[in-house]
There are 2 protein chains.
Amino acid sequence: MSQHSGSDPEVAEERSGPKTERGRRTLRRLLDAAGEEFGARGYHDTAISNITQGAGVGLGTFYVYFKSKEEVFRALVADMGARTRHAMTESTRGAHDRLEAERLGIQAFIEFVRSHKALYRVVMEAQFVAPEAYRDYYRTFAAAYRQQLAQAASRGEISEGQDDEVRVWALMGASSFLGIRYGIWDADTDSASVAEAASDLMINGLAPRAAKDKAPK
Amino acid sequence: MSQHSGSDPEVAEERSGPKTERGRRTLRRLLDAAGEEFGARGYHDTAISNITQGAGVGLGTFYVYFKSKEEVFRALVADMGARTRHAMTESTRGAHDRLEAERLGIQAFIEFVRSHKALYRVVMEAQFVAPEAYRDYYRTFAAAYRQQLAQAASRGEISEGQDDEVRVWALMGASSFLGIRYGIWDADTDSASVAEAASDLMINGLAPRAAKDKAPK
DNA sequence: TCGGAACCTGAATGTTGACTCATGTTTCAA
DNA sequence: TTGAAACATGAGTCAACATTCAGGTTCCGA
């Protein structure tokens, strides 16, 4: 929950993070508070003093741990990237094939956004506040996704597409928008049925089903 | 091109816009300059003085036409909404059926983003600067898109989906991400082949093609 | 030719908020 | 016990705007 991923977020300290337990605790409080505040008010409407108050530390303390306002923000985006990938990996672990994994992934993503509304907003705002971090977020995700598709295709579970990079971005875009639409704007809709409808589209496409008991036209 | 849509953007003037030709020209210059600046530097890094300098007018003149910085921004988003819908309508006009329209639409969207990079950024940033305007942008788009799908389904051109709202958002998301990926980040890739690969996914899905000359498995 | 409506202007105002720094306080190894 | 490394602090600095305003200038009908 508050493990903040594997690789330490880049903190101000030239090398290594806090040296003492007290320091690590303070860093964690600052990161958590920053997530809350940025998520709730957005980057520009969040003052450093909001964050330090949220963390229950003095204003100056912030600059003991971060070089700038932007730096915490970047750390949060990187952290979210790791968490998102982790959640996706977990949710699709039990799938029997890629097609099932797609459905599970879409549903898990919507639910992930729902339960991390604030932090997910941070990721999206990164597009404007820290474009590099934003691109990394999606590039890393896309790379992992591509590999999944390639393996699935070689197993014959999905078709050989014309261009997996394109497929991956289309799929990420679909999930992303569904995440906003049903994870944030309309968080009451049953996520399973949304995922069912969406994965039906992603798996079978828009084309009319070949008629089985009825001649077409 | 610079018609700025049908319904006037909401200007500061309580009722009606500029009364004279000079006024209309100044308003247009301000809107164009605002689009340039916001698109290039983003909302928060753009100062009103940047806009007025770009438009070649005095600082105070801005407030003759707009109540606030946010107001121009909203006007720009609304304008872009109209232009986007217009571009999509035009590009799919000649399609023989909905499946072809999808491919044309994806390609047209990528090209639209390419040729309006700056303004498209404005739309995306609206998510944080003017959330209402952002939601309107997509809601209006979604409504029109749904209607297209419903009609196509009744004509038998596409399958009856489980939930057209979900399909529409997935499709918009896919196009949106492809627009960013291939319209902004990598604007050199041939848009036709991206659209071809993407529409193949949206039309036929990920599922392996039913074997015609080879038994499955 | 005149008056007022429409339009233009940029210096001045006021606020906001990121970041610094000089001065503590706490921790802990020797 | 001690001193120095690590950590904490918040008043003060400073630059960056958004917005206002009081005083022009231009246009046009009568």
Side-chain angles (χ1 to χ4, degrees), chain A residues 8-34 37-38 40-76 125 128-130, chain B residues 8-34 37-38 40-76 125 128-130:
Chain A
D8 286 33
E10 326 162 27
V11 276
E13 314 297 85
E14 267 313 322
R15 316 245 159 208
S16 77
K19 300 280 184 295
T20 71
E21 181 50 35
R22 181 168 63 136
R24 278 185 291 275
R25 199 166 46 228
T26 303
L27 174 58
R28 186 153 344 133
R29 304 180 104 221
L30 280 169
L31 277 170
D32 288 345
E37 299 294 329
F38 282 143
R41 318 143 105 83
Y43 182 79
H44 293 282
D45 289 344
T46 295
I48 303 296
S49 62
N50 293 146
I51 296 174
T52 53
Q53 272 166 35
V57 301
L59 172 55
T61 303
F62 177 89
Y63 291 93
V64 172
Y65 295 90
F66 301 99
K67 272 204 277 289
S68 67
K69 186 181 178 182
E70 233 184 88
E71 198 185 74
V72 226
F73 195 84
R74 265 185 258 119
L76 284 173
E125 194 167 14
F128 306 99
V129 174
Chain B
D8 287 33
E10 324 164 27
V11 278
E13 313 297 84
E14 269 309 327
R15 312 249 161 203
S16 76
K19 299 282 186 291
T20 71
E21 182 50 34
R22 178 166 68 136
R24 277 186 290 275
R25 199 167 45 228
T26 303
L27 174 58
R28 188 152 345 133
R29 305 180 104 221
L30 280 169
L31 277 169
D32 288 345
E37 299 295 326
F38 282 144
R41 317 143 106 86
Y43 182 79
H44 292 283
D45 289 343
T46 295
I48 303 296
S49 61
N50 294 146
I51 297 174
T52 53
Q53 272 165 35
V57 301
L59 173 55
T61 303
F62 177 89
Y63 292 93
V64 171
Y65 294 91
F66 300 99
K67 272 205 276 285
S68 68
K69 186 180 179 181
E70 233 184 88
E71 196 186 74
V72 224
F73 195 85
R74 265 185 259 118
L76 284 173
E125 193 167 15
F128 306 99
V129 174

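These numbers come from a predicted model, not from an experiment.
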Novice: By nearest heavy atom, map B/Leu59 and B/Thr26 onto DNA chain C; which one lands nearer the 5' end?
Specialist: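 It is B/Thr26, whose closest nucleotide lies nearer the 5' terminus.
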
Novice: For B/Phe62, give me all partners under ring pair (Phe, Tyr, Trp, His ring centres under 6.0 Å), at least two apart in sequence or on another chain.
Specialist: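 Once residues adjacent in sequence are excluded, the partners of B/Phe62 under the ring pair (Phe, Tyr, Trp, His ring centres under 6.0 Å) criterion are B/Phe66.
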
Novice: In whole angstrom, what separates A/Glu70's CD from C/dG17's P?
Specialist: 17 Å

Novice: OP1 or OP2 of C/dC7 versus the side-chain N and O atoms of B/Thr61: is any pair under 4.0 Å?
Specialist: no

Novice: Just to verify, what does B/Ala40 make a side chain to side chain contact (heavy atoms under 4.5 Å, CB included) with, not counting sequence neighbours?
Specialist: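 With sequence neighbours excluded, B/Ala40 shows a side chain to side chain contact (heavy atoms under 4.5 Å, CB included) to no residue whatsoever.
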
Novice: Using atom CZ of A/Phe66 as one end and atom P of D/dC7 as the other, report the distance to the nearest whole Å.
Specialist: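 Going from CZ in A/Phe66 over to P in D/dC7 covers 13 Å.
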
Novice: From A/Thr26 OG1 over to A/Leu30 CG, what is the distance, rounded to the nearest 0.5 angstrom?
Specialist: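 Reported value, rounded in 0.5 Å steps: 7.0 Å.
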
Novice: When you match B/Thr46 and A/Gly58 each to their closest nucleotide on DNA chain D, which lands nearer the 5' end?
Specialist: A/Gly58

Novice: Rounded to whole Å, please give me the gap between OH in A/Tyr63 and C1' in C/dA22.
Specialist: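 Taking OH of A/Tyr63 and C1' of C/dA22, I get 17 Å after rounding.
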
Novice: A/Glu70: what forms a side chain to side chain contact (heavy atoms under 4.5 Å, CB included) with it, not counting sequence neighbours?
Specialist: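 Here the qualifying residues are A/Tyr43, A/Ser68, A/Arg74, A/Val129.
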
Novice: Taking side-chain hydrogen bond (donor to acceptor under 3.5 Å, both in side chains) as the test, write out the residues that go with B/Arg22, two or more places apart.
Specialist: none

Novice: My understanding is that only residues two or more places apart in sequence, or in another chain, count here; which of them pass side chain to side chain contact (heavy atoms under 4.5 Å, CB included) with B/Ala33?
Specialist: B/Ile51, B/Ala55

Novice: Near DNA chain C, which residues from residues 48-55 of chain A have a heavy atom under 4.0 Å away?
Specialist: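 Correct list: A/Ile48.
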
Novice: How would you list, by chain and number, every residue that makes a side chain to side chain contact (heavy atoms under 4.5 Å, CB included) with A/Arg41, sequence neighbours excluded?
Specialist: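 Partners of A/Arg41 under the side chain to side chain contact (heavy atoms under 4.5 Å, CB included) test: A/Glu37, A/Asp45, A/Thr46, A/Asn50.
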
Novice: Measure the OH-CD1 distance between A/Tyr63 and A/Ile48 for me, rounded to the nearest 0.5 Å.
Specialist: 4.0 Å

Novice: Taking salt bridge (charged side-chain N to carboxylate O under 4.0 Å, His left out) as the test, write out the residues that go with A/Arg25, two or more places apart.
Specialist: none

Novice: Report the distance from atom CZ of B/Phe73 to atom P of D/dA18, rounded to the nearest whole Å.
Specialist: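 It works out to 13 Å between those atoms.
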
Novice: In whole angstrom, what separates A/Asp45's CG from C/dA18's P?
Specialist: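 Rounded to the whole Å, the gap is 10 Å.
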
Novice: What's touching nucleotides 25-30 of chain D from the protein side, N or O pairs under 3.5 Å?
Specialist:
none

Novice: What is the distance, to the nearest angstrom, from the NE2 atom on B/His44 to the P atom on D/dA15?
Specialist: 23 Å

Novice: Just how far, in rounded Å, is P of C/dC7 from CZ of B/Arg24?
Specialist: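 Checked: the CZ to P distance equals 9 Å.
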
Novice: OP1 or OP2 of D/dA8 less than 4.0 angstrom from a side-chain nitrogen or oxygen of A/Tyr65, does that happen here?
Specialist: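 True: A/Tyr65 side-chain N/O within range (under 4.0 Å) of D/dA8 OP1/OP2.
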
Novice: Measure the distance from CZ on B/Phe62 to C1' on C/dT9 and round it to the nearest whole Å.
Specialist: 15 Å

